[in-house]
Amino acid sequence: MANMVGQVLESHKITFHEDALLPEGLIHNKTLHITVQFEDKFISRVLIDGGKGVHEIRMGSMNVKAFKESHRATIREINLDLQIRLTWFDVEFQVLDISATYNLLLGRPWIHATGAVASTLHQVVKFEWNHQEVIIQGDGSNPIYTN
């Protein structure tokens, strides 16, 4: 009986292991980008935002608080039905007229709604969907700083 309880509890844990690290190990400086699908189009360079200093939406004035406390007004909002692996999500996006190194930003609202855990260290996003662990590998090498 104790073994069965352990298996049930284990099925609800998302874990990351040292053997899944990138070849660079703990010293890499890569952002975490994935690819999603909208209708018949694939959208690459979708940034997974762990929440460190990026984009807080202010509902009253629809300004976005960006890096270094700057503010940008949104142009409009759009809801997109995105396919991420075998799961579908209706995600609301705010459209901004800015230069960016990514095409879409999946931030805290999506992360919290899915219960996702993103590891920039392991370059992977994991979440549970329909009682199965979903693993999304990062798109590859996207260093923030280049040497």
Side-chain angles (χ1 to χ4, degrees), residues 5-22 24-145:
V5 171
Q7 288 175 346
V8 170
L9 293 177
E10 280 295 314
S11 70
H12 295 289
K13 288 184 181 179
I14 293 177
T15 59
F16 298 92
H17 300 282
E18 195 171 302
D19 60 351
L21 289 175
L22 300 177
E24 300 95 322
L26 301 175
I27 61 169
H28 80 78
N29 194 21
K30 297 175 182 165
T31 56
L32 178 54
H33 290 85
I34 64 171
T35 297
V36 301
Q37 186 174 348
F38 172 66
E39 295 178 351
D40 63 340
K41 306 275 189 268
F42 288 91
I43 303 170
S44 63
R45 300 193 57 75
V46 176
L47 178 64
I48 303 295
D49 172 32
K52 183 94 173 164
V54 184
H55 306 98
E56 172 187 308
I57 303 300
R58 297 188 182 199
M59 299 308 279
S61 62
M62 291 311 288
N63 280 332
V64 175
K65 181 179 175 185
F67 297 105
K68 297 184 181 179
E69 301 298 319
S70 66
H71 294 267
R72 300 278 192 243
T74 58
I75 296 172
R76 60 181 52 128
E77 296 178 356
I78 186 171
N79 279 67
L80 300 177
D81 289 322
L82 299 181
Q83 183 177 2
I84 303 174
R85 299 285 301 232
L86 299 176
T87 57
W88 287 89
F89 300 96
D90 178 38
V91 182
E92 180 181 81
F93 290 95
Q94 283 69 40
V95 180
L96 300 164
D97 184 16
I98 61 171
S99 258
T101 59
Y102 50 87
N103 295 316
L104 297 174
L105 173 70
L106 288 174
R108 290 182 196 152
W110 178 81
I111 290 170
H112 292 179
T114 60
V117 178
S119 173
T120 55
L121 178 63
H122 294 87
Q123 290 291 287
V124 69
V125 178
K126 294 183 179 184
F127 59 92
E128 186 178 324
W129 199 258
N130 291 332
H131 306 292
Q132 293 195 4
E133 185 179 63
V134 177
I135 301 171
I136 305 165
Q137 298 293 330
D139 282 345
S141 178
N142 296 301
I144 297 173
Y145 302 104

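Keep in mind the model is a prediction, meaning the values are calculated, not measured. Residue numbers start at 1 and run along the sequence shown.
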Pairwise distance [atom1]([X]) to [atom2]([Y]) - rounded to 0.5 angstrom:
X      : Y     : atom1 : atom2 : result
Leu121 : Leu32 : CG    : CG    : 11.0 Å
Ile48  : His33 : CD1   : NE2   : 9.0 Å
Leu82  : Trp88 : CG    : CH2   : 8.5 Å

Sub-3.5 Å donor-acceptor pair from the side chain of [X] to the main-chain atoms of [Y], do we have one?
X      : Y      : answer
Gln123 : Thr120 : yes
Gln137 : Asp139 : no
Arg45  : Thr101 : yes

My understanding is that only one of Ile34, Ile111, Val125 makes a side-chain contact (heavy atoms from CB on, under 4.5 Å) with Leu106; could you say which?
Ile34
Only one of Thr35, Leu104, Val36 passes side-chain contact (heavy atoms from CB on, under 4.5 Å) with Ser44, and that residue is Thr35
pair [X]-[Y]: side-chain heavy atoms closer than 4.5 Å:
X      : Y      : result
Ile14  : Phe16  : yes
Ile84  : Trp110 : yes
Glu128 : Glu133 : no

Should we say atom CD of Gln83 is surrounded by more than 12 heavy atoms from elsewhere, each under 6.0 Å from it?
yes
Is there a side chain to side chain contact (heavy atoms under 4.5 Å, CB included) between Leu80 and Val91? Walk through the geometry before answering.
CA-CA 5 Å; Leu80 300 177; Val91 182; 5.6 Å; no
